[in-house]
Amino acid sequence: MSNLPYYQKVYLDIFNGILSVHSNLLTDDEISTVNDVLQLEADPQRFMFRLLNRNRAWLRLDRLHYDEIQMGSVDLDLLSRKDLLQVDCGHLIDWISCLKLEELRTLAVQCGVADSAEAKRLNSQELNAILTSTRQRSKQLKISFDGGLVRASDHSIDLKQMVKDKFKIRIVKLSNKIVSLHDHLILPLFFISNPDDPVEDLRGAMLAQVEKRKYPSYHIIRSHPLFVDREAFEQYREAVYMLRSLSGIPDAISLKEECCNLLESFKWLLDREDRTRTCFLRRFTPLWLMAKCLESLASALESMKEYSIAVNVFAALLDQSAVCHGRRGDWWERLILDSHKHLKCDGTVLESLIACALEDPHVRMGSRLAISKRYEKFSNDSLDDGLSVPTDLLIKEHIRGAKGQSVKYEWEGELIGVEQMALRYYQEQGWSGMHSESGMFTMIFALIFWDIIFCSVPDTFQTPYQICPLDFRTDSFYLSRKTLIDDRLADIETGKYTGRDLLSSYTRHMGTMCVGVNWEAYEDEESLLQVFNSLGTKARSVIMKALALDYHNYASGMPDLVLWKENKIMLVEVKSENDRLSDQQKSWLMIFLEHKVDVRLLKVKSK
């Protein structure tokens with residue numbers, strides 16, 4: 001294996017992995033096709049893998065040159081008999097598309113569709129169009145050669161045959177069978193962690209083989225099949241395609257019909273959902289994806305002012321607890337907003353909805369703040385969020401850019417963005433730092449918890465090419481590693497986990513991909529160490545705990561600037577004129593204030 005080309009190693013891993021893990025989902029004919037590919041000699045197999053990694057057009061054989069493949073050893077007839085490859089059987093348009101520019105010009109002149117001067121003025125696309133349209137005008141066009149000229153003849157040959165005889169080329173294309181198997185079954189199954197773009201994960205695997213990308217090490221333990229049978233997988237893939245196609249629904253009537261049909265299907269699937277499956281594995285069910293489809297449809301309905309139907313959709317989604325726990329806060333927010341602002345429901349109904357929302361254990365702090373604000377707007381009560389943030393004021397003249405561009409500020413003759421200006425403002429006061437938002441803390445979190453993130457938990461790793469476990473952004477992440485995470489948090493709070501441990505993790509894992517990690521942004525580990533040491537043990541523990549328990553929500557909303565001076569740290573949220581704090585930003589500010597972290601709000605106003 002060590003001497004094999006990089007792409008051959010990857011494809012052998014994929015094809016062997018499909019047979020060893022998912023053979024129950026393949027038909028006998030599909031298993032036979034996979035085995036046919038695996039049993040090919042080295043050069044034909046490499047040729048097949050090369051074609052699988054290219055586009056699906058007809059290709060000219062004499063233009064396929066690979067240093068590691070001896071093309072003379074590739075038996076095209078054998079590949080054709082095994083129905084892996086189509087050889088020399090394309091339509092006229094396929095043959096013409098494989099010709100070089102000079103060959104197209106020669107063909108155009110000899111067919112009489114252009115004279116020599118005109119042919120030289122035309123490009124490949126124009127010549128291609130002329131030749132194929134000529135064919136369509138006279139499907140039985142007959143031509144033959146006589147001293148390089150073309151004349152009508154009872155014994156003439158058709159244009160496609162002329163291309164074959166004149167230019168002596170062969171064309172090849174992957175069979176529909178292997179393309180369908182590869183694109184719609186093998187890749188989506190093997191790279192299941194990225195259902196939206198398995199080809200991107202294939203590219204990542206290729207880069208890893210040539211050492212341009214490094215994936216973390218972990219053990220793959222499978223305790224449950226992702227799909228019990230082929231039908232379950234097909235239903236899942238149909239739901240993936242459905243989610244992609246929702247933006248194409250043209251009008252409100254069609255939208256309402258689609259929504260009603262989908263709600264019925266959702267309820268039908270909900271009654272049959274296997275509740276014994278680990279929650280994060282339900283991501284690979286049509287029920288999970290259908291919930292996302294319904295949310296998307298509800299958003300579209302809101303934009304068309306069909307608020308009653310949207311409310312019914314959100315109510316149906318909230319009436320179940322099987323899937324999409326992380327979305328429940330948003331669903332409650334939207335349900336309460338539509339009920340209050342658009343449907344003008346009375347206070348009793350709204351109070352009941354808000355009470356249910358705040359009792360929901362899956363509603364996180366950002367959503368709780370938003371729901372509480374909605375309560376203030378229709379009641380006489382004021383729910384004080386306790387947020388009083390020290391505030392600095394910076395007044396600068398701004399220059400408004402073109403539509404869609406951000407506002408710029410002039411600083412010492414240079415036009416810069418608001419965050420860069422804020423950074424320079426504090427640098428003049430002796431602070432060092434950077435504009436990182438959440439990046440600094442997600443990086444520190446990954447380094448501290450690296451071994452725990454990639455520890456052996458059944459079913460969380462399905463391929464060697466993941467940057468996090470499948471349960472990472474779910475409640476299951478903490479629950480499945482509770483003891484390990486709690487012990488690490490205790491070590492942080494007591495000071496047992498030190499900056500030296502952080503630097504050791506940085507050095508050990510440098511360059512390896514991981515969720516939340518950006519090696520290029522933090523090439524200087526000293527900035528990470530400075531922030532880690534300056535936070536203090538209690539604040540470190542609290543921040544890391546928030547990320548460990550709810551990474552999905554807390555990985556965003558952190559202050560824009562991380563600043564340090566000597567052994568002090570300051571976090572700054574920058575807001576330009578008319579910009580407001582989001583509820584998630586308020587959640588973080590409350591955490592920092594509660595644990596005595598120096599955090600400030602910088603308001604930038606125009607002169």
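From a predicted model like this one, the values you see are computed outputs, not experimental measurements. Only this structure's heavy atoms are used, side chains among them; waters, hydrogens and symmetry mates stay out.
Note on ring orientation: taking the six-membered ring where Trp is involved, the planes of Tyr551 and Phe445 are tilted (angle from 30° to 60°). Classified by interplanar angle (parallel below 30°, tilted 30° to 60°, perpendicular above 60°), the ring pair Tyr307/His342 is parallel. Below 30°, between 30° and 60°, or above 60°: for Phe592 and Phe441 the angle between ring planes is between 30° and 60°, a tilted geometry.
Within the structure, ring-ring contact (aromatic ring centres under 6.0 Å, His included) pairs that include any residue of residues 517-544 comprise Tyr506-Trp519 (at least two apart or interchain). Within the structure, side-chain hydrogen bond (donor to acceptor under 3.5 Å, both in side chains) pairs that include any residue of residues 555-565 do not occur (at least two apart or interchain). Every pair passing side-chain hydrogen bond (donor to acceptor under 3.5 Å, both in side chains) that includes a residue from residues 435-449 is listed here, sequence neighbours excluded: His435-Glu437.
Residue-environment remark: CE (Met544) exceeds the threshold of 12 foreign heavy atoms within 6.0 Å.
Of all heavy-atom pairs between Leu393 and Tyr425, the closest is O-OH, 4.3 Å. Considering all non-hydrogen atoms of both residues, Gly204 and Arg213 come closest at CA-NH1, 3.2 Å. Here the closest non-hydrogen pair linking Ile416 and Trp411 is CD1-CB, 3.7 Å. Taking both residues in full, the closest heavy atoms of Cys345 and Leu350 are given as O-CD1, 3.6 Å, listed atom of the first, atom of the second, then distance. Heavy atoms only, all atoms of each residue included: Ile220 and Pro464 are closest at CD1-N, 4.0 Å. Contact detail for Glu333 and Ser367: the closest heavy-atom pair is OE2-OG, 2.8 Å.
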Set out, in order, the CA-CA distance, both residues' side-chain angles and the distance that settles side chain to side chain contact (heavy atoms under 4.5 Å, CB included) for Tyr218 and Gln466, then state yes or no.
CA-CA 9 Å; Tyr218 44 79; Gln466 293 177 218; 3.5 Å; yes
Phe190 and Gln462: side chain to side chain contact (heavy atoms under 4.5 Å, CB included), yes or no, with the steps?
CA-CA 8 Å; Phe190 190 82; Gln462 296 288 329; over 6 Å; no
Step by step, would you call Phe284 with Trp288 a ring-ring contact (aromatic ring centres under 6.0 Å, His included)?
CA-CA 7 Å; Phe284 306 106; Trp288 186 291; 8.7 Å; no
Start with the C-alpha distance between Val363 and Leu358, add both sets of side-chain angles, then the distance that settles side chain to side chain contact (heavy atoms under 4.5 Å, CB included), and finish with yes or no.
CA-CA 7 Å; Val363 176; Leu358 297 178; 5.6 Å; no
So Lys373 and Leu369, side chain to side chain contact (heavy atoms under 4.5 Å, CB included) or not? Walk me through it.
CA-CA 6 Å; Lys373 281 196 301 184; Leu369 288 173; 5.8 Å; no
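Salt bridge status for Arg203 with Glu200: present, with a side-chain N to carboxylate O gap under 4.0 Å. Ion pairing between Arg364 and Asp475 holds under the 4.0 Å rule for side-chain N and carboxylate O. With salt bridges taken as basic N to acidic carboxylate O contacts below 4.0 Å, none links Lys545 and Glu493.
One finds the OG1 atom of Thr278 at 9.0 Å from the CG atom of Asp471 (value rounded to the nearest 0.5 Å). Summarising the geometry, atom CD1 belonging to Ile452 is positioned 10.5 Å from atom OG1 belonging to Thr483; distances are rounded to the nearest 0.5 Å. In this structure, Phe314 CZ and Asp330 CG are separated by 9.0 Å, a value rounded to the nearest 0.5 Å. To the nearest 0.5 Å, atoms OG1 (Thr460) and CZ (Arg481) are separated by 5.5 Å. If you take CG on Asp459 and OG on Ser223, they are separated by 3.5 Å, rounding to the nearest 0.5 Å. Interatomic distance, Asp319 CG to Phe266 CZ, rounded to the nearest 0.5 Å: 9.5 Å.
Residues Phe191 and Val199 fail the side-chain proximity criterion, which asks for heavy atoms closer than 4.5 Å. Within the 4.5 Å cutoff, no side-chain heavy atoms of Phe454 are placed close to those of Thr512. Side-chain atoms of Leu317 and Cys324, non-hydrogen and from C-beta on, never get closer than 4.5 Å to each other. Using a 4.5 Å heavy-atom threshold, the side chains of Leu601 and Leu589 count as separate. Put simply, the side chain of Met365 does not reach to within 4.5 Å of the side chain of Asp550, judged on heavy atoms.
When each of Leu484, Leu547, Ile492 is tested with Phe449 by the rule side-chain contact (heavy atoms from CB on, under 4.5 Å), just one qualifies, namely Ile492.
Within the 3.5 Å criterion, the main-chain N or O of Leu423 finds no donor-acceptor partner in the side chain of Glu428. Side chain of Thr507 to main chain of Leu503: a donor-acceptor pair is present (N/O by atom type, distance under 3.5 Å, no hydrogens or angles). In this structure, Ser372 contributes its side chain and Arg368 its backbone to a donor-acceptor pair below 3.5 Å.
Residues satisfying the salt bridge (Lys or Arg N to Asp or Glu O under 4.0 Å) test with Arg283, not counting sequence neighbours, are none. For Arg277, there are no salt bridge (Lys or Arg N to Asp or Glu O under 4.0 Å) partners two or more places apart in sequence or in a different chain. Here Arg473 pairs with nothing under the salt bridge (Lys or Arg N to Asp or Glu O under 4.0 Å) rule; sequence neighbours left out.
For Tyr478 and Asp486, the side-chain atoms include at least one donor-acceptor pair closer than 3.5 Å. Between the side chains of Asp392 and Tyr426, at least one donor N or O lies within less than 3.5 Å of an accepting N or O. In the model, Arg334 has a side-chain atom that pairs as donor or acceptor with a side-chain atom of Ser299 under 3.5 Å.
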